[in-house]
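Starting off with a structure, shown below.
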Amino acid sequence: MNKYLSELIELSQIDKSIDGFEPRIESIQRALNVAIEKESAIKSAIESYDEEIKEAKLKRGKNELHLAELAEKLKELSKKTAIVKTAREVKALGLEEEIAKEQSDFANEEIQRLDKLIDSKNLYKEEESLKLEEASKEVEEIRASIADELAEIEKEKKSVYANKQTLTGEMDQKILSFYEKIKKWAGNTTVVPVKKQACYGCFMKINDKVYSSVIKEEEIVTCPHCGRILYKEKEQEIKE
Ligand SMILES: [Zn+2]
């Protein structure tokens, strides 16, 4: 076989496996990403419960303060009631007292409502915290299980890149740039086999003259239809 052609076939196979690394890494990391997303969704749910609890406690505090003020006011009113003389004054104080009592009732109800709210939010938060524990455990488990796989790929990647560097260093630079030019549009189908006298890049039939050149493997032949570099299908590929 033509030396340049065999180098081009090798180079295209190296580039193909380089292209294959990212999808392999992505598919391995997909499960981890799903688990991490789940974990962070739970974390933000807990954060928003915390926020709601904090806000409810703040409101509760304000109501407590208001209640204390009202209690003070009621004490003052009863003192005044004891010393006023006229019926009109008694009536006015009575009215004020009534309003203060209503406000106290309202503040008490509000405190009860907020307590219930805080309790239920705490309950939800507890549930989420349990879920978070599970989710974090899952993240760690996945992380540990894929670490070896990723390290293996990283090793493979290094050796493939080293092979590429050696190969391209040895190759004729004109041949290399010819390949790179086609690769720009053809990607990892720059060098394709011919099967059943058809180019396996564009799937068009090639004529007998081109086909016989491909079979001879004496020179670099490109597909007359698409321009990809052609080579004769190997025995093992026929079996596949
Ligand atoms: Zn073609």
Side-chain angles (χ1 to χ4, degrees), residues 1-38 40 139 141-240:
M1 190 195 279
N2 178 300
K3 172 180 170 279
Y4 297 142
L5 181 61
S6 75
E7 285 171 341
L8 284 171
I9 294 169
E10 196 186 341
L11 179 59
S12 76
Q13 276 156 359
I14 288 175
D15 278 340
K16 215 177 202 170
S17 55
I18 288 175
D19 284 349
F21 285 127
E22 267 325 297
R24 275 170 69 193
I25 292 170
E26 273 171 27
S27 89
I28 289 171
Q29 282 181 327
R30 201 165 299 138
L32 178 63
N33 289 337
V34 169
I36 288 173
E37 267 169 39
K38 192 175 151 194
S40 70
V139 167
E141 278 168 6
I142 294 174
R143 215 189 281 279
S145 82
I146 69 174
D148 291 345
E149 277 180 85
L150 289 175
E152 194 51 50
I153 289 178
E154 213 41 55
K155 223 168 85 186
E156 240 181 90
K157 217 168 144 181
K158 262 188 197 153
S159 104
V160 169
Y161 273 102
N163 287 346
K164 182 175 177 173
Q165 206 172 8
T166 310
L167 179 63
T168 54
E170 287 166 354
M171 278 174 78
D172 181 286
Q173 295 307 297
K174 269 187 198 152
I175 297 282
L176 186 60
S177 63
F178 173 66
Y179 168 87
E180 293 295 347
K181 224 161 129 187
I182 301 172
K183 190 172 180 276
K184 267 188 193 141
W185 59 265
N188 61 21
T189 63
T190 302
V191 182
V192 289
V194 172
K195 294 184 193 179
K196 292 174 189 156
Q197 209 175 322
C199 160
Y200 255 60
C202 67
F203 303 100
M204 302 262 284
K205 202 112 186 151
I206 53 172
N207 64 43
D208 293 344
K209 191 168 164 268
V210 175
Y211 187 50
S212 77
S213 305
V214 171
I215 289 170
K216 275 186 208 147
E217 299 182 318
E218 281 168 359
E219 52 189 315
I220 293 166
V221 182
T222 54
C223 170
H225 309 291
C226 69
R228 288 180 175 90
I229 299 160
L230 300 174
Y231 68 94
K232 200 177 84 181
E233 185 183 26
K234 294 287 164 303
E235 284 302 317
Q236 97 199 59
E237 281 167 350
I238 294 170
K239 274 178 211 153
E240 280 170 10

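Remember, it's 1-based here, ligands and their atoms both numbered in the order they're listed.
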Answer yes or no: is there an ion pair linking Arg24 with Glu156, defined by an N-O contact shorter than 4.0 Å?
yes
Tell me whether Lys164 is salt-bridged to Asp15, with the criterion being a basic N under 4.0 Å from an acidic carboxylate O.
yes
Once side-chain contact (heavy atoms from CB on, under 4.5 Å) is applied, do any residues pair with Lys16, and if so which ones, sequence neighbours excluded?
Asn188
Pair Glu154 + Lys158: basic N to acidic O under 4.0 Å
no
Side chain to side chain contact (heavy atoms under 4.5 Å, CB included) with Ile175: which of Leu5, Leu11, Ile229, Leu8?
Leu8
Asn2 side chain near Glu218 side chain, heavy-atom distance below 4.5 Å
no
How about the Zn ion (ligand 1), which protein N, O or S atoms come within less than 2.8 Å?
Cys199 SG, Cys202 SG, Cys223 SG, Cys226 SG
